[in-house]
Structures are given as C-alpha cells and as structure tokens.
2 protein chains.
Amino acid sequence: MSDDRWEPPAILLAVDLVILTLRDSRLHVLLVERGIEPYKGAQALPGGFLQHSQESLLVAAHRELAEETDLSVGTLRLEQLGVYDDPGRDPRGRVVSVAFLAIAPRLPEPTAGTDAADATWQPTDRVLSGELDLAFDHRCIVTDGVERARAKLEHSALATAFCGPTFTITDLQDVYEAVWGMPLDPRNFYRKIKKTDGFILPAGSARKAATGRPARLFRAGPREVLYPPMIRPAENSPNGKEPAQ
Amino acid sequence: MSDDRWEPPAILLAVDLVILTLRDSRLHVLLVERGIEPYKGAQALPGGFLQHSQESLLVAAHRELAEETDLSVGTLRLEQLGVYDDPGRDPRGRVVSVAFLAIAPRLPEPTAGTDAADATWQPTDRVLSGELDLAFDHRCIVTDGVERARAKLEHSALATAFCGPTFTITDLQDVYEAVWGMPLDPRNFYRKIKKTDGFILPAGSARKAATGRPARLFRAGPREVLYPPMIRPAENSPNGKEPAQ
DNA sequence: ACAATAGTGTCTCTAAGACAATATAAA
DNA sequence: TTTATATTGTCTTAGAGACACTATTGT
C-alpha cells in the first residue's frame with residue numbers, strides 16, 4: 001500500500017435493474033426508452049447514478065425504479081445480480097454499474113406520464129436473441145438476470161413471486177415453463193409441488209379457464225429454500241426436447 | 001433524470017479478495033495484517049483501492065493479490081462474489097467494495113518480505129465463529145465466500161481446483177468434507193465421482209499414505225458443470241450427523 | 001355425451017445411502 | 001498375520017419420468 005499522495009480516480013457508480021415478470025406465459029423484462037444521450041431513443045434497463053455519496057445501492061435502485069416507472073412496488077425484493085465494470089461500457093467515461101434483479105407478479109402496463117414515460121415490458125427472448133437491441137451492455141445484464149432466475153427457481157420458492165396472491169398449480173407450472181423455456185409434465189409437476197412441504201398452502205378454489213375442471217387455489221407457503229430442489233431437465237434431456245416455442 | 005448541474009458523489013471503489021485453500025483437511029482463508037489505519041494491526045482480506053479510473057476491477061484484484069502476497073498465481077481464477085456498500089462500513093468515508101473469490105491448491109506459506117509482509121492462512125471456522133476478528137465487514141465477506149464455495153462444489157468441478165495437478169479420490173473427498181463441513185461415505189463418494197463422466201481422468205498411481213493400499217491418481221477432467229450435481233446432505237440428514245469438527 | 005382441464009395412481013428406472021466384502025500395500 | 005486404506009458389489013429405498021386413468025366443470 002504505497003498510497004501517500006494519491007488522487008481518487010473519477011469513477012461513477014450506477015445501478016441497473018432487471019425486473020422480470022410473466023405475461024401471456026412468456027418471460028418479460030422491464031425496459032425504458034432512453035431520453036438522453038448516449039443511446040438516446042434506444043431501449044435500456046431502468047437505472048441511473050447514485051445521487052449522493054451516502055446513498056446505498058439498494059436505496060438508489062428503489063429510487064430509480066420509482067422515478068423511471070410507475071410501479072409503486074415498495075414490496076419488490078431486489079437482489080444483487082452483479083457488477084459490470086468494463087472500462088469501455090459507457091462512452092461518457094468510467095461508469096461501474098451494479099445490477100439488481102427482481103421478480104414481479106403480473107403488473108399493469110406501466111402508464112406513461114412519469115419521468116421515463118416509455119417503460120414497457122419486452123419478451124426476454126427478443127432481447128436474448130439480439131432481435132431487440134439494448135443500450136450499453138444491458139443485453140449481457142439481462143442474460144445474467146434470466147440465468148439467475150432460472151437457477152433460483154430450482155432451489156428457492158421464488159416462482160410464487162411471479163404469481164399473484166393466489167394461484168393454481170398450473171399457474172405455477174406456467175412460470176417454470178416460461179422461465180426455463182421448456183415444457184414439463186403437468187402430472188409429475190403437480191405431484192412434486194404438492195409433496196414439497198410448505199411450498200404452497202391451500203386457499204380455496206376457483207374456475208380458471210372457461211372450460212374444464214376448476215382448479216384449486218393456493219398461496220405461497222412459508223418455505224423459502226426447496227430441499228430437495230426442483231430439477232431443471234438438461235437442455236437435451238429425454239423430456240424437454242426443445243425449448244418451448 | 002433531472003440531473004442538470006450535478007456533482008458526481010465522492011465514492012471510492014475497492015476490491016477485496018477471498019482466497020480459499022485446504023490445509024490439513026481444513027478450509028483456510030488468506031488474510032493480511034493491516035499496516036495502516038483504520039484497523040491498523042487487525043487481520044483483513046487482501047485488497048485495496050482502484051488505482052486509476054481506467055483500471056478494471058479484475059485487474060485491480062490481481063494487482064492487489066500480487067502486491068499484498070507473494071502468491072505468483074496469475075493462473076488463479078477470480079470470480080465476482082458481490083458488492084459490499086454499507087455506507088458505514090469504512091470510517092474513512094464512502095467506500096464501495098467488490099469482493100472476488102478464488103480457490104487455490106495447497107500453496108506454500110506466504111513468505112514475508114513483500115508489500116504486506118504478514119499474509120497468513122487462517123482456518124475459516126475461526127473467522128466464521130468470531131473467534132478471529134476481521135477489519136471492516138470482512139467477516140461477512142468471508143461468510144459469503146465460503147457459502148459460495150459450498151454451493152459451487154455441488155454444481156461445478158471446482159473441487160479439483162483445491163488439489164494439485166494430480167490427486168486421489170480421497171483427496172477430493174477431503175475437499176468436499178472440509179468445505180461442506182461434514183463427513184461423507186468414502187465408498188458412495190468414490191462411486192459417485194467415478195460415474196460422473198469427465199470429472200476426473202486417470203493419471204497413474206502412487207502410494208498415498210505410509211500404510212494401506214496405494215490409491216490411483218487422477219487429474220481434472222474437461223467437465224466444468226456437474227449434471228447431475230453432487231448432493232450436499234441437509235444439515236441434519238441421516239448421514240452427516242455433525243459437522244466434522 | 002363431449003371437450004377440456006384438474007388431479008390421482010401406477011409402473012419403471014436411476015441413483016443415493018447403508019454397509020459387506022475384497023484388494024493391495026506396509027509393518 | 002495384522003493393520004490400514006482403496007476399491008468393488010449388493011441391497012434398500014426415495015424420487016424422477018412416463019403415462020393410464022378418474023374427476024369435475026361448461027357446452
């Protein structure tokens with residue numbers, strides 16, 4: 001440590017948010033249209049700079065979420081995803097960004113009118129495939145976020161966070177299929193879920209579709225960690241032949 | 001984004017390193033004695049500030065490792081562990097630190113003489129139990145690092161990184177037992193490892209202990225991801241009764 | 001009755017866990 | 001031979017995957 005007379009390097013700290021949800025049985029990510037340069041007009045993750053030196057990253061993340069979208073989700077649990085610090089990632093200079101991940105139940109279309117008027121949900125496949133271009137290295141961040149969500153579905157009860165307060169087992173299966181991108185056998189899935197103690201609790205019943213037998217309703221149980229875990233079939237496994245869709 | 005005339009907040013970026021290794025069948029972490037305030041004289045993780053605004057975090061991490069220890073391990077693979085940004089974590093002001101994790105094979109005792117003369121290996125249990133005090137929030141960082149290593153042993157071939165170029169299956173079991181902190185059945189472990197294709201490759205044989213049948217030697221195979229994973233028995237499972245001392 | 005979805009039962013097979021038995025060395 | 005460790009084999013059981021079958025609704 002030979003730091004005697006040493007100038008602190010000029011580095012900016014930012015946060016970026018990967019908010020995932022399910023719409024029409026497809027995984028979507030929340031994006032905003034950038035209103036300023038660089039990448040003006042391009043799609044990007046919600047996020048921004050730390051406002052002052054005492055602001056914590058988590059607070060900044062929540063603030064940006066409130067500013068750039070009208071999702072009044074104080075309840076949204078943000079989880080640290082990673083640090084993105086490639087020196088060339090931002091043309092304005094050295095910007096180190098900490099990404100956060102959150103899973104949201106089906107939410108209303110973000111209404112315009114707030115700070116970033118143009119927050120929209122976009123299917124993650126369009127982002128991952130490169131069909132939809134994102135600013136900065138945000139496509140990498142989304143990729144990591146989706147992969148993290150996939151992994152967490154195996155070992156945690158995170159899937160219920162995609163659902164509303166009550167849901168059917170089929171709803172839950174939709175979550176797993178959409179996030180993992182592969183079909184699952186409904187009967188084995190049903191058995192597995194129900195035998196995982198504390199994953200879900202009964203909550204009455206209701207007719208789900210206009211046709212067929214009405215499904216029972218459940219709500220999230222107390223269990224956070226799944227042991228044994230849900231098993232994600234290998235990419236080319238006997239079942240889950242091809243990524244659904 | 002109402003950032004018109006806006007002062008960049010004064011935030012310092014640092015890196016901290018959690019280097020784990022195995023010594024005498026116990027998990028150890030590399031610590032240095034701090035030579036300057038704050039926490040002068042206390043044990044801490046190797047690490048330090050970014051040197052200039054264009055230095056990447058990974059480069060800074062490698063640089064600090066070389067500066068503060070004489071481990072000439074350019075081969076050491078550093079993996080991002082997390083960001084630690086509690087505003088009160090450093091008395092000098094706002095310091096946001098990015099922690100990195102690496103697994104090292106048994107290395108020589110760090111010899112003094114370099115920048116931080118007092119790098120030593122300390123058992124992780126002494127740190128986790130609080131018996132050994134660390135500077136800043138470094139105990140939290142070590143906790144997270146150990147937990148990460150435990151999880152990675154399940155799904156990746158990381159365990160071989162603790163071993164030298166060749167090793168016996170018992171060596172590998174020592175790694176799992178030390179990191180997971182629980183005894184495993186040697187016979188089931190043996191079978192499981194050998195049936196996991198590409199995990200290890202034969203590499204001759206040698207006498208391991210002064211007594212008993214000599215063990216075959218192996219080297220790390222090409223497989224990085226273990227599928228199906230190694231299963232870490234639950235804390236209070238039928239086997240793994242008590243954490244192996 | 002028929003279509004459609006929800007939920008149950010059953011079979012097979014893989015693999016984990018317990019543990020007996022065998023192999024190969026040194027003392 | 002005894003002792004100690006390495007390696008193989010065998011049995012039992014839990015659980016995943018495949019899939020037939022029953023249940024409950026609307027039309």
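Since the structure is predicted, the reported quantities are computational estimates derived from the model, not experimental observations.
- The list of salt bridge (charged side-chain N to carboxylate O under 4.0 Å, His left out) pairs with a residue in residues 126-138 of chain A, not counting sequence neighbours, reads Arg89(A)-Asp137(A), Arg126(A)-Glu131(A).
- The aromatic ring centres of Phe218(A) and Phe167(A) sit 6.0 Å or more apart.
- Between dA23(C) and Arg187(B), no contact under 4.0 Å exists linking OP1 or OP2 to a side-chain N or O.
- Within the structure, a side-chain polar atom (N or O) of Lys192(A) is placed less than 4.0 Å from OP1 or OP2 of dA16(D).
- Residues Val225(B) and Ser156(B) are not in side-chain contact: their nearest non-hydrogen atoms beyond the backbone lie 4.5 Å or more apart.
- Residue order along DNA chain D, read from the 5' end via each residue's closest nucleotide, puts Asn188(B) first among Asn188(B) and Pro228(A).
- Within the structure, every pair that satisfies the salt bridge (charged side-chain N to carboxylate O under 4.0 Å, His left out) test and touches residues 154-167 of chain A, not counting sequence neighbours, is listed here: Glu154(A)-Arg232(A).
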What are the atom names and distances for every N/O pair under 3.5 Å that joins the protein to nucleotides 2-4 of chain D?
from: dA4(D); atom 1: O4'; to: Thr211(B); atom 2: OG1; distance (Å): 3.3

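- Listed nucleotides dA6(D), dA16(D), dT8(D) differ in distance to Ala215(B); the shortest reach to its side chain belongs to dA6(D).
- Per the geometry, CZ belonging to Arg216(A) stands 18 Å off P belonging to dT5(C), to the nearest Å.
- One finds a side-chain N or O of Thr170(A) lying less than 4.0 angstrom from the OP1 or OP2 phosphate oxygen of dA6(C).
- Proximity of Arg191(B) to the phosphate of dC19(C): no side-chain N or O atom is located under 4.0 Å from OP1 or OP2.
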